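These values consider heavy atoms only, across backbone and side chains, with no hydrogens, waters or symmetry-generated copies. In what follows, chains carry the letters A, B, and so on, assigned in the order in which the sequence lines appear, proteins first and then strands, with residues in each chain numbered from 1. All figures in this text were calculated on a predicted structure; none of them were measured in a lab.
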Amino acid sequence: MEYEPRAIEKKWSDWWKKHQTYRVTEVSGKPKFYILNMFPYPSGAGLHVGHPLGYIASDIVARYKRLCGFNVLNPMGFDAFGLPAEQYAIEMGIHPAVSTEENIRRYRQQMENVGLGFDWSREIRTCDPKYYKWTQWIFARLFEHYYDYDADKALPIEHLVRRLEKEGNARINAACDDDTPIITARQWNDFSEKEKLLFLLKYRLTFPEESFVNWCPALGTVLSNDEVKDGVSERGGYPVERKRMKQWSMRITAYAERLLRGLEEINWPEAVKDQQRNWIGRSQGALVRFPVQGHDGLFIEIFTTRIDTIYGATFMVLAPEHELVNTLTTPAQWAEVQAYVKWAASRSERERISEVKRVTGANTGAFAINPFTSEAIPIYIADYVLAGYGTGAIMAVPSGDQRDWNFAKAFGLPVIPILDSQRNLDQAADPTKEGRYINSDIINGLTYEEAVSKLLQWLEEKNWGKARIQYKIRNAIFSRQRYWGEPLPIYWKDGVPYLLPDSELPLVLPEIDKYLPTETGEPPLARAQHWRYRPTPDEAYEYEYSTMPGWAGSSWYWYRYMDPHNNEAFCSREALEYWRCVDWYIGGAEHAVGHLLYSRFWNHFLYDLGLVPEREFAKKLINQGMIQGRSSITFRAKEAFYEEYLWLKVLKPYLYEFGPMQIPKNRAEESFTYDFAFAVNDLAIEVVSWKKADKIERVRQTAEADNKRLLVLFTEELAANINAHKETAERIRQALLSREPFFMSQSVPEVEQLFVSYELTQKYSPDCFSRLHVDVALVTDDVLDLERARQRPMFQKANFKVGPQGRFQCAYEIEKMSKSKYNVVNPDDVIEQYGADCYRMYEMFLGPIEASKPWDTKGITGVQGFLKRLWSLYVGPNDTWLVQDAEPSREELRALHTAIKKITDDIERFSLNTCVSHFMILTNELRALKCHKKAILEPVAILLAPFAPHLAEELWHRFGHETTVCDATWPAWNERYLEADKVVYPVQINGKHRGNIEVDAAANQEEIKQIALQQDFVQRYVGNGSVKKFIVVPGRIVNIVV
RNA sequence: GCCCGGGUGGUGGAAUGGUAGACACGCAGGACUUAAAAUCCUGUGGCCGUUGAGGCCGUACGGGUUCGAGUCCCGUCCCGGGCACCA
């Protein structure tokens, strides 16, 4: 019987379901292994052929580990809250829950088709109230805690309250808002209840605050920094502006140092760790207080990472939003400064980004005193200093910092060199730390390290400032003005947010009539008429109307898989103690700083509360690459094409008869002169295609003014029938000869749809064609199926110009798979044609899991052929079982054991593409040996089980087993079978390969040397010269140096 | 500008300092066939040469370390990703 994947796969996927083969429990007595995929957002488009890449890879590892005797958890779920479902709801009026449900159903079906062995009894959905009850619960814990730097962990807010009651906050070293005032115990105790609650918000790990946010008017919501790219929203590309709004925040800054240190203990790709380090942005430096001249007791505090350059500070710069700007500005400068502040505030994020190079600013007229030199330096404001970083003020050192240098040049400020190694300061700043200090009083002659420690010491001694560590990371905005997300478990009473009691959770998303924001700009939840918190029949409080962002539900979900149906806790103690954390986590690199950083933050917090057993939730992270699409491109002629066509094919051969000609420099540019004019006669030529009818009159006027006779060529005929140009050309020629004004055509065709085969486009300039994506389903080997294409709307009126071989060729491009590029390949179609096992193996075979690589369905035939050949080792014609019990030969054993070793090693290092190669080699070898022996083929079936589970299960049962191959035992290799009797050594002479020798495997170095030196080819090179060195790398190579 | 990756045949890729191009796709030739599909066999980095010899070049480019470098080091170029007035 031929290998028939469809029948086999249907049979076993049903069997697995019936026998609950993939059900996982905690009672096993085996070591645990937790492998996790980043769960998908179920979009309406379904899975394309690239999505399952990581799922297949993790499925292979999961099955392999199970065969190796581990109790493997490999779950799947859905990150089901999000913008697209809500946008769809707004447009179509369909409840997001309905479309989400539908999308999930489709995703699950597609995943099952691939044969992924998920335990679906553990499926989770972030939009399920039973799930988001616990997302809200964790939010509540964050609200109830603050971060104490002395304890270096989160502590209950009551702890803080007790300390405030006793001693105020002067000695409390905790994460809090920058503007938190120092208060005494007495002040605290005198606070009203409301004042106390508002004050505590400055410490809570989640809190509402007025802040500048990325507001996207088109989406009607706030976006986090990582959802904004180049000033537009990542999703949809809508403009984003900065707006001051009340928003919930997460105090992730409290964990900056912990998140940085934690990176040391996890096996994650360096690139991801680097991105997180960069995002956290730790920099070591100093705070320095500069007294303001003429304002007693008033200081400007600055942050610098180059305290050693303080003697080179020739001015100061404040951010335009800096709180001291108004205080400092002198009357003379008042108008200028106010104008600048206003201008700076008006600029959008986008303008700022695009105008980075422009130097702008204004002088406040005030002066600050450099504490080290006692000299007065002017104070400016400029928007290259950011209000949100450091103290929003800097000391400007133009000799060492390029931005300061630019500013100094623009405003005529002095540049003082401070290191003897600085060069070319008249052209640019030199940020070197080399050399010795000059012009720097107490640090003159010192090196960088010496200078820094001396200055820091002085700062502390004189109370001018102190050493300081600064982080770039900002608190994370946590609310969205959206419907389709988790409600915050918060209600408002008298302008103060209160936490909903845990007993009220989950706070379920209410039904509303429309999904848009209200007319007054409130979030959609404000539409829920009777949605109020009523602790007693007499009270009714408004809930918080914003919802949680997309990353909330994904910041702890790996715990829910451990115990998905628990109603008493997010996860039971027992399950947590058993599974502990994710061993391998697989997902795209695009989550490097979003999901992966927030998840680590929540995990550290849960760890502080003793709720989870590990500080870091994922021991090992693997970034899978993206499978790109191979788009097919067709070329539709634009009017420039007809002009160029006329020129090349029709006019050019004739025009030389009329002598030198003026050819406009840039024909592509829209101009009102004609396309061609002759220097020697008074003839001008204008080539006009159908779209330029309005241009003729202007051209005619120009010609009249120039006193030229005008030849106007319409291209309609050529466009309609390009082969008819001979007649046209002849008419042009006649016109040129007679020098009569001549109009080729008076009419303009409505639309021309000329599509040109790719190879024909090469002769024309690129702007002659529009490049249009065409559905890859219509294209085979880059040739468009014209018959089927004509049935598509885009080609209904098409006119195809085929190439010399009578085929219509398309160009191709490798790019992201997307609906709009018509390059999406659906795994269902591939599976339908080749089978799931074939699809799985081919997807792995494409290349390393981390690399991005293009999908090309053509190559799958290689894997298909391999599976057929493998099958034919077991099953012959008429479904005969070919396997016999005969004793295997040494060669057969070596082939098998080499494969076991290589495949085992390669799975362990996650090199699954080479595993597939090893299977192909093994199959080719066994076929050459005509091997049909059970002792060889049964282990091969087990080896195959992780990769092609259906096929392996079929073979396994044909061997007579009645339980699943998933519970077989992974074969071990025996070194004894790997050794050959003879070893072939390549022999190099002076590093160049010259020949091979075959020696006994047991031969020692001296024996090998004797054999090598006897060889003719060796003698030829050694000749009379002596052998200087003889190197044998055992089992590898021989190198002779002559 | 800064920080990470990466650059190997026509294509996807292999090679953990030890014969560069495994394994495939594609292509060319052949077998079977009325034909096609399917299947099988042979060849396939370039150049010179041979037609059962062999030689030279070759992993972006230029140097270096080494008996030996795609792999390690230094410099240059190019491509991809991330961050970006972060003081």
> Whole Å only: how far is the CG atom of A:Asp308 from the P atom of B:A87?
Replying inline: 14 Å

> Would A:Arg289 count as a cation-pi partner of A:Phe299, with NZ or CZ less than 6.0 Å from the six-membered ring centre and within 45° of the ring normal?
Replying inline: yes

>> If I take atom CD in residue A:Glu925 and atom C1' in nucleotide B:A22, what distance separates them, rounded to the nearest angstrom?
In response: 12 Å

> Base, sugar-phosphate alone, or nothing: which one does A:Arg994 contact when heavy atoms must sit under 4.0 Å apart?
Replying inline: sugar-phosphate

>> Quick check for you: among B:U19, B:G13, B:C86, whose closest atom lies nearest to any side-chain atom of A:Tyr389?
In response: B:C86

>> Rounding to an integer number of Å, can you tell me how far A:Gln624 CD sits from B:G5 P?
In response: 20 Å

>> Considering every strand and a 4.0 Å limit on heavy-atom distances, what is the contact class for A:Val1033: base, sugar-phosphate, or nothing?
In response: base

> So, is A:Asn924 near the phosphate of B:A24, with a side-chain N or O under 4.0 Å from OP1 or OP2?
Replying inline: yes

>> Given B:A22, B:G82, B:A87, identify the nucleotide with an atom nearest to the side chain of A:Thr305.
In response: B:A87

> How is A:Arg282 classified with respect to the nucleic acid when contacts are heavy atoms under 4.0 Å: base, sugar-phosphate, or nothing?
Replying inline: nothing

> How close or far is atom P of B:G13 from atom CZ of A:Phe845, stated in whole angstroms?
Replying inline: 11 Å

> Starting at NZ of A:Lys1029 and ending at P of B:C67, how long is that distance when rounded to a whole Å?
Replying inline: 5 Å

> To the nearest angstrom, how far is A:Gln276 atom CD from B:C4 atom C1'?
Replying inline: 14 Å

> In whole angstroms, how far is the C1' atom of B:U39 from the CH2 atom of A:Trp871?
Replying inline: 18 Å

Enumerate, atom names and distances included, each donor-acceptor pair closer than 3.5 Å involving a side-chain atom of residues 915-929 of chain A, sequence neighbours excluded.
unit_1	atom_1	unit_2	atom_2	d
A:His918	NE2	A:Asp906	OD2	2.8
A:Thr923	OG1	A:Phe919	O	2.8
A:Asn924	ND2	A:Met920	O	3.3

>> Students often mix this up, so state it plainly: with edges at 30° and 60°, are the rings of A:Tyr340 and A:Trp343 parallel, tilted or perpendicular?
In response: tilted

> Across the strands shown, which category fits A:Gln275 at heavy-atom distances under 4.0 angstrom: base, sugar-phosphate, nothing?
Replying inline: sugar-phosphate

> Contact class for A:Asp274 (heavy atom, under 4.0 Å): base, sugar-phosphate, or nothing?
Replying inline: sugar-phosphate

> Given atom CD1 of A:Ile849 and atom C1' of B:G13, what is their separation to the nearest angstrom?
Replying inline: 14 Å

>> Just N and O in the side chain of A:Asn406: are any of them under 4.0 Å from OP1 or OP2 of B:C85?
In response: no

> Nearest to the side chain of A:Thr861, which nucleotide is it out of B:C25, B:G12, B:A87?
Replying inline: B:C25

